[in-house]
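Notes to accompany the following structure.
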Number of protein chains: 2
Amino acid sequence: MDSSSTEAHISRRTTIIDVAKMSGVSPKTVSRALNDEPHVSARVRQLVKDAAAKLDYHPNLTAQSLIARRSFLIGLTYERPSPSYVVDLQNGALDRMHNGRYRLVVLPFNHASERPEELGKLLLRTGLDGVLLAPPACDQIELLDLLDRQGLPYARITPQKDLARGIVITMDEVAAGQAVASHVLDMGHSRVGIILGDPAHAASLARLEGYRRAFAEHGKILDENLIVTGDFTYAVGYDAALDLLRRDPAPTAILAQNDDMAAAALAAARALGLAVPDDLSIAGFDDSEVSRTAWPQLTTVHQPVSAMAWDAADRLIARLDATHEGPALDQRHEHAHALLVRGSTAPPPAYQE
Amino acid sequence: MDSSSTEAHISRRTTIIDVAKMSGVSPKTVSRALNDEPHVSARVRQLVKDAAAKLDYHPNLTAQSLIARRSFLIGLTYERPSPSYVVDLQNGALDRMHNGRYRLVVLPFNHASERPEELGKLLLRTGLDGVLLAPPACDQIELLDLLDRQGLPYARITPQKDLARGIVITMDEVAAGQAVASHVLDMGHSRVGIILGDPAHAASLARLEGYRRAFAEHGKILDENLIVTGDFTYAVGYDAALDLLRRDPAPTAILAQNDDMAAAALAAARALGLAVPDDLSIAGFDDSEVSRTAWPQLTTVHQPVSAMAWDAADRLIARLDATHEGPALDQRHEHAHALLVRGSTAPPPAYQE
DNA sequence: CGCGGAACTGACAACGTTTACCGTCTTCCT
DNA sequence: AGGAAGACGGTAAACGTTGTCAGTTCCGCG
């Protein structure tokens with residue numbers, strides 16, 4: 001009647017002993033055969049593998065971990081960014097781990113900057129072999145100190161500070177910011193509103209620095225009053241955009257530091273009756289899904305999130321699998337950004353014929 | 001010079017033995033003290049805790065797992081759905097596990113319907129205690145058979161078939177489909193185009209059944225020629241919408257089976273010069289992020305993904321933590337949908353004054 | 001002053017696998 | 001025939017923790 005009652009029986013998982021008995025060899029030979037070690041004849045190896053298959057035997061990972069002194073768990077920690085960013089990170093990392101022995105544990109953690117040691121405790125408590133640190137955790141020096149002290153290896157994805165520390169996967173945020181700003185300035189815009197991301201992310205300031213360089217390069221002045229602070233979320237971005245657009249005179253272009261906030265600016269513009277890109281140009285950042293599903297599609301900067309996560313996982317795993325005498329691996333790798341010009345940017349109204 | 005050379009030293013993790021030595025009691029007592037078990041005097045308990053804190057001691061989870069015969073790992077498997085759906089699932093499940101001993105391992109797997117036993121092998125090989133199955137894996141009977149045979153507990157999120165099997169968290173997809181279709185029909189639409197999701201997801205057909213009921217209820221005919229098949233992705237949804245909108249006469253409303261495809265329909269409508277909702281009404285499904293960041297915001301059906309994932313994790317954990325003699329828990333839980341009427345739907349052109 | 005019982009503590013085995021070391025028995029080569 | 005290399009098994013130990021059980025201490029009470 002109750003299907004769960006059947007499993008109340010002795011449902012002991014099959015162990016290596018069972019396989020040994022079935023194939024008529026010693027447990028140790030089973031181990032050797034299944035792990036493709038030498039000193040096993042082809043006949044016995046096949047015998048063992050058949051028996052294992054028939055019994056649906058899967059070696060107990062926990063026991064293997066205990067003896068290997070590794071959990072084969074890699075953590076990924078991030079802080080409420082946009083869903084597509086998270087998924088890109090995960091997919092990149094998982095793609096690298098595919099068919100490996102490692103498993104990916106997700107560990108979102110908010111407000112890492114305010115309580116780094118709490119995050120550190122979480123990471124330690126989780127029993128990881130290594131951890132992938134996305135912004136802003138990758139820039140929490142206190143956290144890095146703790147991890148170093150406890151000997152937990154980490155790979156940092158797009159950190160902005162202390163770039164000599166640990167495995168570092170970067171993108172030149174300054175150059176990326178400069179590229180998108182130059183694009184807008186090239187088209188003739190001068191009054192440019194800026195919606196910053198979360199100030200806790202060092203990337204926000206790096207991108208702003210890029211904007212400044214573009215302005216300097218073009219001999220134009222970046223109006224500090226047109227810089228407002230967001231936090232990478234749509235809701236706050238919407239208010240920030242409304243704030244900017246109600247200025248007099250209003251900016252003719254808005255640079256948002258991620259696509260979600262750019263999409264919010266798009267909505268704010270529509271609410272005020274402004275056409276994009278004819279009345280107002282909007283550029284985002286990240287090349288996330290929303291930049292493609294928005295209308296018009298957003299001009300943005302492609303951030304190779306998946307590729308960086310892949311790389312981070314790759315180097316972290318290389319580090320974990322390295323025999324300790326091996327030569328130090330190069331710890332740093334820089335990825336290229338790419339400006340994607342789409343439909344949300346155009347010359348300012350005055351310039352149109 | 002090379003910072004990694006320092007860790008080549010004996011960086012043995014601190015064990016319970018170290019704590020025992022430091023506090024001058026037996027390892028067993030340390031274990032008891034730290035786990036807040038009885039039979040330890042307050043004095044000794046404090047002594048041990050102090051020593052543990054001073055040594056930054058964290059018990060080895062692997063060893064604990066070995067003896068508990070549990071890995072404290074819960075898997076989540078899903079198949080390339082929209083990022084916000086994945087993130088909602090994860091957040092819901094993680095929210096339940098917060099501060100528990102369980103950890104969430106993500107296991108995306110594509111084309112589960114074509115090779116269920118491969119997915120099963122992956123789940124088994126990963127050493128999980130239990131697994132959360134999102135669509136369409138939750139409806140792969142072959143997979144459920146394999147998991148049952150191996151005794152791996154699972155919770156199914158919004159399955160459509162075999163609802164008596166395992167832990168089942170459902171939403172009435174038929175009723176949800178009926179609700180959104182009724183909304184559109186109520187406003188006076190008759191020529192309604194439909195963009196189905198991936199046919200491998202049983203939910204696609206359930207929602208369609210709901211549409212049919214709404215049409216029947218309103219005494220209207222659902223034109224089978226206006227049903228096109230998508231796969232839940234934006235790109236395919238775009239082509240499907242273009243296909244529908246080029247019919248003569250074109251539909252005055254489109255029901256898309258998820259928000260991504262609805263956003264694509266929005267873009268397709270704009271490409272053809274149609275205004276939404278004045279010329280064309282569009283409704284989505286899921287209440288995902290894109291339904292809020294699109295413009296106009298999409299009328300959609302809220303699917304309580306996070307809440308369902310929370311529930312799935314909750315019941316799965318209850319099952320895992322249950323002493324085997326405990327009474328059978330209720331295995332089924334149904335969540336309510338909610339129709340969200342937003343800006344993308346309005347009466348058809350002929351009805352407007 | 002001794003006794004019963006509760007409270008506390010520790011020795012030992014166990015979880016399932018791999019590693020180490022050594023011994024035996026084939027097999028095949030010269 | 002002698003010898004060497006390869007194949008395999010036995011036994012023991014290890015990984016770090018907790019369950020079992022027996023032992024010790026401490027207390028109040030007769």
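Throughout, protein chains are lettered first and strands after them, A, B, ... in sequence-line order, and every chain is numbered starting at 1. Keep in mind that the numbers below use all heavy atoms, side chains included, and drop hydrogens, waters and symmetry copies.
Between the CZ atom of B:F72 and the C1' atom of D:dT18 there is a distance of 12 Å, rounded to whole Å. Remark: C1' of C:dC15 and CG of B:D129 are 15 Å apart, rounded to the nearest angstrom. In this structure, B:R70 places its CZ atom 18 Å from C1' of D:dG16, rounding to the nearest Å. Distance, B:D18 CG to D:dT17 C1': 13 Å, rounded to whole Å. Protein atom CZ of A:R43 is 11 Å distant from nucleotide atom C1' of D:dA7, rounded to whole Å. Rounding to whole angstrom units, CG of residue B:L61 and C1' of D:dG16 are separated by 11 Å. Nucleotide D:dT17 holds its C1' atom 16 Å from the CZ atom of B:R13, rounded to whole Å. Across the protein-nucleic acid pair, B:N60 atom CG and D:dC15 atom P stand 11 Å apart, rounded to whole Å.
Closest to the A:H39 side chain, of the nucleotides D:dG19, D:dG6, D:dG16, is D:dG6. Of the listed nucleotides (C:dC8, C:dT18, D:dG16), C:dC8 has the atom at the smallest distance from the side chain of B:S41.
The ring-ring contact (aromatic ring centres under 6.0 Å, His included) check on B:Y78 picks up nothing, with sequence neighbours excluded. Residues passing the ring-ring contact (aromatic ring centres under 6.0 Å, His included) test with B:Y102 are B:F72, sequence neighbours excluded. Looking at residues two or more places apart in sequence or on another chain, you find a side chain to side chain contact (heavy atoms under 4.5 Å, CB included) between A:K21 and A:I17.
Overall, the helix from C:dC1-D:dG30 to C:dT30-D:dA1 carries an axis bend of 40° between its ends, with five pairs at each end and the value rounded to 10°.
Remark: the A:Q46 side chain and the A:D50 side chain contain an N/O donor-acceptor pair separated by less than 3.5 Å. A:S65 and A:T62 are not linked by any side-chain donor-acceptor pair at a separation below 3.5 angstrom, with hydrogens and angles left out of the test.
Each of B:V30, B:V19, B:L34 was checked for a side-chain contact (heavy atoms from CB on, under 4.5 Å) with B:K49, and the lone residue meeting it is B:L34.
Under the salt bridge (Lys or Arg N to Asp or Glu O under 4.0 Å) criterion, the residue pairs touching residues 98-115 of chain A are A:R115-A:E118, with sequence neighbours excluded. Note on residues 129-142 of chain A: pairs passing salt bridge (Lys or Arg N to Asp or Glu O under 4.0 Å), not counting sequence neighbours, are A:D139-A:R156. Contacts classified as side-chain hydrogen bond (donor to acceptor under 3.5 Å, both in side chains) and involving residues 305-314 of chain B (residues at least two apart or in different chains) are given here: B:R96-B:D314, B:D311-B:H333, B:D311-B:H335. Under the salt bridge (Lys or Arg N to Asp or Glu O under 4.0 Å) criterion, no residue pair touches residues 52-67 of chain B, with sequence neighbours excluded. Listed by first and then second residue, the ring pair (Phe, Tyr, Trp, His ring centres under 6.0 Å) pairs that reach into residues 107-164 of chain A come to none, sequence neighbours excluded. The ring pair (Phe, Tyr, Trp, His ring centres under 6.0 Å) pairs that include a residue from residues 18-69 of chain B number zero, where partners must be two or more places apart or lie in different chains.
The stretch residues 49-59 of chain B does not touch DNA chain C, since none of its heavy atoms comes less than 4.0 Å from the strand. Near DNA chain D, defined here as any heavy-atom distance below 4.0 Å, the residues from residues 24-35 of chain B are B:K28, B:S31, B:N35, listed numerically.
Contact annotation: B:Q64 does not reach the phosphate of D:dG16 (side-chain N/O to OP1 or OP2, under 4.0 Å).
If B:E37 and B:L66 are placed on DNA chain D by their nearest nucleotide, the residue sitting closer to the 5' end is B:L66.
Among the atoms of the strands shown, base atoms are found under 4.0 Å from some heavy atom of B:I67.
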